[in-house]
Amino acid sequence: EFLVEISGTTVTITCPLTEGSIAWEITGIQPESRERKYVIENHDSSPTNVSCSTDDKKHEMYLNARVCTNCEELDVLAVTGIITADLLITFGVLILVYYCSKNRKGKGSTGSWLQGQKMQRPPPVPNPDYEPIRKGHREVYAGLETRGF
């Protein structure tokens, strides 16, 4: 039933009672204010019991309002815009990476670090079954004949 407004470190509380002189009580302290709205300046975010009363009615509330000096208030439209822009940028980057990597499929990696690793390895031991044909040594390959199509 209470209306609580928070701005920076200021907390404004509106009592639900409308008629008569309103007496406020905040954790044992009775302020001089008799108005319907009570303003707490420089609230320290500590939990507080708040009550407002007239001669015959009393309303009580437990106030646990967290306040800060450097807070910025954002409306729903600004938050929605920030989230939407972030999602669009993220999907744009994903699509860009997909199309750039799609064109490189099937190509070997040509990174300089990979070539450096290949050059440091010793050459493989030659297999005698696959030696190149040298002049005068055709007996190894004598059984192979060219095929005519």
Side-chain angles (χ1 to χ4, degrees), residues 1-134 140-141 144 146-147 149:
E1 297 176 2
F2 282 92
L3 176 65
V4 179
E5 299 171 14
I6 301 170
S7 178
T9 58
T10 304
V11 179
T12 305
I13 306 167
T14 304
C15 183
L17 300 172
T18 56
E19 66 277 337
S21 178
I22 297 173
W24 287 94
E25 183 178 346
I26 299 174
T27 6
I29 302 170
Q30 293 183 342
E32 298 292 324
S33 177
R34 298 286 179 204
E35 296 179 14
R36 190 167 175 228
K37 287 188 176 186
Y38 180 70
V39 179
I40 303 173
E41 296 284 340
N42 298 323
H43 184 60
D44 58 354
S45 298
S46 61
T48 310
N49 290 318
V50 178
S51 66
C52 64
S53 61
T54 58
D55 295 331
D56 57 344
K57 294 182 181 178
K58 184 175 184 178
H59 289 272
E60 295 180 347
M61 172 182 76
Y62 178 74
L63 178 68
N64 190 8
R66 298 189 60 112
V67 297
C68 62
T69 56
N70 299 328
C71 296
E72 291 291 328
E73 295 180 21
L74 293 176
D75 58 339
V76 176
L77 185 63
V79 172
T80 304
I82 290 170
I83 292 172
T84 304
D86 182 38
L87 289 173
L88 288 175
I89 290 170
T90 302
F91 286 131
V93 169
L94 284 173
I95 291 170
L96 182 69
V97 168
Y98 172 75
Y99 281 115
C100 287
S101 66
K102 184 178 176 182
N103 293 337
R104 293 184 163 221
K105 277 188 179 174
K107 291 183 181 179
S109 177
T110 57
S112 61
W113 64 273
L114 189 58
Q115 288 177 353
Q117 284 183 347
K118 285 182 180 176
M119 294 190 80
Q120 291 175 359
R121 291 186 192 155
V125 177
N127 189 341
D129 293 337
Y130 297 103
E131 288 183 9
I133 299 176
R134 291 184 226 131
V140 176
Y141 301 101
L144 301 174
T146 57
R147 294 182 185 176
F149 290 103

If you take all heavy atoms of [X] and [Y], which pair is closest and at what distance?
X   : Y   : value
P47 : N64 : CG-OD1, 3.9 Å
W24 : T14 : CH2-C, 4.3 Å
R36 : I22 : CA-CD1, 3.7 Å

Exercise. Not counting sequence neighbours, which residues clear side-chain hydrogen bond (donor to acceptor under 3.5 Å, both in side chains) with D44? List them please.
Key: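 side-chain hydrogen bond (donor to acceptor under 3.5 Å, both in side chains) list for D44, sorted by chain: S46.
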Quiz prompt | side-chain hydrogen bond (donor to acceptor under 3.5 Å, both in side chains) involving T27 - partner list, sequence neighbours excluded | solution = none
Quiz item: CD of E35: more than 12 outside heavy atoms within 6.0 angstrom?
Solution: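 No, the 6.0 Å shell around CD holds no more than 12 heavy atoms from other groups.
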Exercise. Return yes when atom OH of Y62 has more than 12 non-hydrogen atoms of other residues, nucleotides or ligands closer than 6.0 Å, and no otherwise.
Key: yes
Distance check, rounded to the nearest 0.5 Å: [X] atom [atom1] versus [Y] atom [atom2]?
X   : Y    : atom1 : atom2 : answer
I89 : T84  : CD1   : OG1   : 11.0 Å
I95 : C100 : CD1   : SG    : 12.0 Å
E25 : E60  : CD    : CD    : 8.0 Å
I26 : Y38  : CD1   : OH    : 4.0 Å
N42 : T10  : CG    : OG1   : 6.5 Å

Exercise. Report the C-alpha distance between T90 and D86 in whole Å, list the side-chain angles of each, state the deciding distance to 0.1 Å, and finish with yes or no for side chain to side chain contact (heavy atoms under 4.5 Å, CB included).
Key: CA-CA 6 Å; T90 302; D86 182 38; 3.8 Å; yes
Quiz item: Can you list every disulfide (SG to SG under 2.5 Å) pair that touches residues 6-66, not counting sequence neighbours?
Solution: C15-C52
Quiz item: Angle class for the H59/F2 ring planes (parallel below 30°, perpendicular above 60°, tilted otherwise)?
Solution: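 Judged by the thresholds at 30° and 60°, the geometry between H59 and F2 is perpendicular.
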Exercise. Any chance you could lay out the side chain to side chain contact (heavy atoms under 4.5 Å, CB included) test for I6 and H43, step after step, and finish with the verdict?
Key: CA-CA 10 Å; I6 301 170; H43 184 60; over 6 Å; no
